[in-house]
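What follows is one structure encoded as structure tokens, with my remarks underneath.
Basis for what follows: all heavy atoms, side chains included, without hydrogens, waters or symmetry-related copies. For this chain, numbers begin at 1 and follow the sequence in order.
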Amino acid sequence: MGSSAADVYFVFMNFDPEYERLRSDRTKQGAMELDRYVSRKHDQLLAKMLRPNTYRKRSSLVIVDGFAVEITDVQAAILRSAKEVRVVEKNQELV
């Protein structure tokens, strides 16, 4: 059984034609629109899949359409089951 302690996970999304379209716009306005789109998309996925106040999104990663989030092992498994998600990986700290 997974741990109930939260760890940082990276979540990478499946192909999204709207993301690709926005990413191809190299203007400053296009970059701002892409930032808003990706952040909103990631927030909506988390809200749809996980209970409120049980996770903390750290950041959206625009260059790869992914995000970092503090979640439990059980929540990571839930996100892995989402059709929009390609990969969920636990952050590996180097010591």
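- Here the straight-line distance linking atom CZ of Arg56 with atom CG of Leu46 works out to 12.5 Å at 0.5 Å rounding.
- The distance from atom CG of Leu45 to atom CZ of Phe67, rounded to the nearest 0.5 Å, is 5.0 Å.
- Of the inter-residue distances, the one linking Glu89 atom CD with Phe10 atom CZ reads 10.5 Å to the nearest 0.5 angstrom.
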Chi angles and distances behind the side-chain contact (heavy atoms from CB on, under 4.5 Å) call for Asp7, Asn91:
CA-CA 8 Å; Asp7 290 303; Asn91 184 34; over 6 Å; no

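- Criterion: ILVMFWY side-chain heavy atoms under 4.5 Å apart, direct or through other members. Under it, Val87 and Ile63 are part of a common hydrophobic cluster.
- A salt bridge links Arg21 with Glu18: the closest approach of a Lys/Arg side-chain nitrogen to an acidic carboxylate oxygen falls below 4.0 angstrom.
- Between the side chain of Glu33 and the main chain of Asp25, no donor-acceptor pair closer than 3.5 Å is present.
- In plain terms, the two heavy atoms of Asp16 and Lys41 that are nearest each other are OD2-NZ, 2.8 Å.
- With 3.5 Å as the limit, one finds a donor-acceptor pair spanning the side chains of Lys57 and Ser39.
- Within the 3.5 Å criterion, the main-chain N or O of Ala68 finds no donor-acceptor partner in the side chain of Arg58.
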Pair Glu84-Gln44, side-chain contact (heavy atoms from CB on, under 4.5 Å): steps then yes or no:
CA-CA 11 Å; Glu84 304 93 338; Gln44 288 171 344; over 6 Å; no

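- The CD1 atom of Ile78 sits 13.0 Å away from the NZ atom of Lys48 when rounded to the nearest 0.5 Å.
- Atom CG of Leu61 is separated from atom NE2 of His42 by 7.5 Å, given to the nearest 0.5 angstrom.
- Placement of Met13 and Ile71 within a single hydrophobic cluster is found when ILVMFWY residues are connected by side-chain heavy-atom separations under 4.5 Å, directly or transitively.
- With Tyr55 as reference, Leu50 is the one residue of Leu79, Thr72, Leu50 to meet the side chain to side chain contact (heavy atoms under 4.5 Å, CB included) rule.
- Val85 and Asn14 make their closest contact through O-ND2, 3.3 Å (heavy atoms, listed as atom of the first residue, atom of the second, distance).
- Note that CG of Leu22 and CG of Asp35 are 10.0 Å apart. Values are rounded to the nearest 0.5 Å.
- Looking at every heavy atom in both residues, Phe12 comes nearest to Val64 through CE2-CG2, 3.6 Å.
- In terms of heavy atoms, Arg23 sits closest to Leu34 at CA-CD2, 3.8 Å.
- Side chain to side chain, Tyr9 and Asp73 meet the donor-acceptor criterion of an N or O pair below 3.5 Å.
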Applying side-chain contact (heavy atoms from CB on, under 4.5 Å) to Ser81 and Met49, what does each step give before you reach the verdict?
CA-CA 9 Å; Ser81 72; Met49 300 298 293; 3.9 Å; yes

